[in-house]
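Here's the structure we're looking at; comments come further down.
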Amino acid sequence: GGQAGIKPGDVLQECSAVTLKTGKEGAYAKQGYGARPFDNFERITFDTRGQTFDNVMAALGSNSERWGYFDVDLKFARRADEAKE
């Protein structure tokens, strides 16, 4: 946790998102009793630049304990005029 040097005005550039692994569509339904559902999911880096607010919120919300992920990765950028301060 912590602020990690983030200041007001910093812009979110990337965040982690969880997605179904390629080629795994429907694989969980085909596995037997006791299969772990989050084995079919992977974490990716989602470029937030140019995305809608709803898309960014969906990416952030996909980082769920339900899929085996307990944190969120964030990458911020500082505006050039504020970076000099």
Side-chain angles (χ1 to χ4, degrees):
Q3 292 183 343
I6 299 168
K7 294 183 177 182
D10 288 354
V11 178
L12 179 64
Q13 288 193 322
E14 296 177 349
C15 70
S16 57
V18 179
T19 184
L20 186 64
K21 289 181 183 176
T22 303
K24 292 285 189 172
E25 296 82 1
Y28 178 60
K30 296 176 186 172
Q31 295 175 1
Y33 173 79
R36 295 171 30 161
F38 48 80
D39 287 346
N40 293 328
F41 293 87
E42 65 184 339
R43 181 175 271 177
I44 62 168
T45 299
F46 180 76
D47 187 349
T48 61
R49 294 169 288 192
Q51 296 291 332
T52 66
F53 177 80
D54 289 340
N55 285 346
V56 173
M57 292 305 294
L60 291 168
S62 70
N63 293 275
S64 173
E65 294 177 11
R66 181 177 181 187
W67 314 128
Y69 295 95
F70 297 87
D71 60 2
V72 178
D73 296 328
L74 303 171
K75 179 181 174 187
F76 288 90
R78 187 151 297 140
R79 293 191 332 219
D81 58 337
E82 292 184 9
K84 296 176 184 175
E85 295 178 10

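Keep in mind that this is a model prediction, so the values were computed, not measured.
- The two residues Gly9 and Arg79 come nearest to each other via the heavy atoms O-CG, 4.3 Å.
- No chain of hydrophobic side-chain contacts below 4.5 Å, direct or via other Ile, Leu, Val, Met, Phe, Trp or Tyr residues, connects Phe41 to Ile44.
- Remark: Thr19 OG1 to Arg43 CZ distance equals 12.5 Å, nearest 0.5 Å.
- Between Arg49 and Asp47, the shortest heavy-atom contact is NE-OD1, 2.9 Å.
- Atom OG of Ser16 and atom CG of Leu74 lie 6.5 Å apart (nearest 0.5 Å).
- Applying the side chain to side chain donor-acceptor pair (under 3.5 Å) test between Gln51 and each of Thr48, Asp54, Asn55 identifies Asn55 as the sole match.
- To the nearest 0.5 Å, atom CD1 of residue Ile6 and atom CG of residue Leu12 are 9.0 Å apart.
- Within the 4.5 Å cutoff, the side chain of Val11 has no heavy atoms near those of the Phe76 side chain.
- One finds the CG atom of Asp73 at 11.0 Å from the CG atom of Leu60 (value rounded to the nearest 0.5 Å).
- Heavy atoms only, all atoms of each residue included: Ser62 and Ala17 are closest at OG-CA, 3.4 Å.
- Dense packing is recorded around CZ of Phe70, with more than 12 heavy atoms of other residues, nucleotides or ligands lying under 6.0 Å away.
- We find the CD-CH2 distance between Glu42 and Trp67 to be 14.0 Å, quoted to the nearest 0.5 Å.
- Taking both residues in full, the closest heavy atoms of Val18 and Tyr69 are given as CG2-CD1, 3.5 Å, listed atom of the first, atom of the second, then distance.
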